[in-house]
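Written out below as structure tokens is the structure these notes cover.
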Amino acid sequence: MKNSESMFQSCIICEEEKKQGIFLYTSFICQECETGILQTETSDPIYHYYLDKLKMITLPQSFL
Ligand SMILES: [Zn+2]
């Protein structure tokens, strides 16, 4: 059943299983959260919530 692998992924932000989204390095972010991050002002407290979650991703140094 290898085909089912790409169906649902667990989003690192909302921790829900979603079908649509992006992979940031090895971590999956669902489309809703991705849109949420992009539409959030950096002065908004929720932005820091997103940032906290994103910090859990181990990024290659060259990424940022
Ligand atoms: Zn999500």
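Both ligands and their constituent atoms are indexed starting at 1 by order of listing.
Follow the hydrophobic side-chain contacts under 4.5 Å out from Ile46 and you never reach Leu38; the two are in separate clusters. Cluster membership for Phe8 and Phe28, using ILVMFWY side-chain heavy atoms within less than 4.5 angstrom, is not shared.
Taking both residues in full, the closest heavy atoms of Ser27 and Ile12 are given as CB-CG2, 3.8 Å, listed atom of the first, atom of the second, then distance.
Interatomic distance, CD1 of Ile13 versus CD of Glu15, reported as 9.5 Å (0.5 Å rounding). The line from CG of Leu54 to OH of Tyr49 is 10.5 Å long, rounded to the nearest 0.5 Å.
Note on the Zn ion (ligand 1): protein N/O/S atoms under 2.8 Å are Cys11 SG, Cys14 SG, Cys30 SG, Cys33 SG.
In this structure, Thr35 and Glu32 have side chains that are not in contact, with every pair of non-hydrogen atoms separated by 4.5 Å or more.
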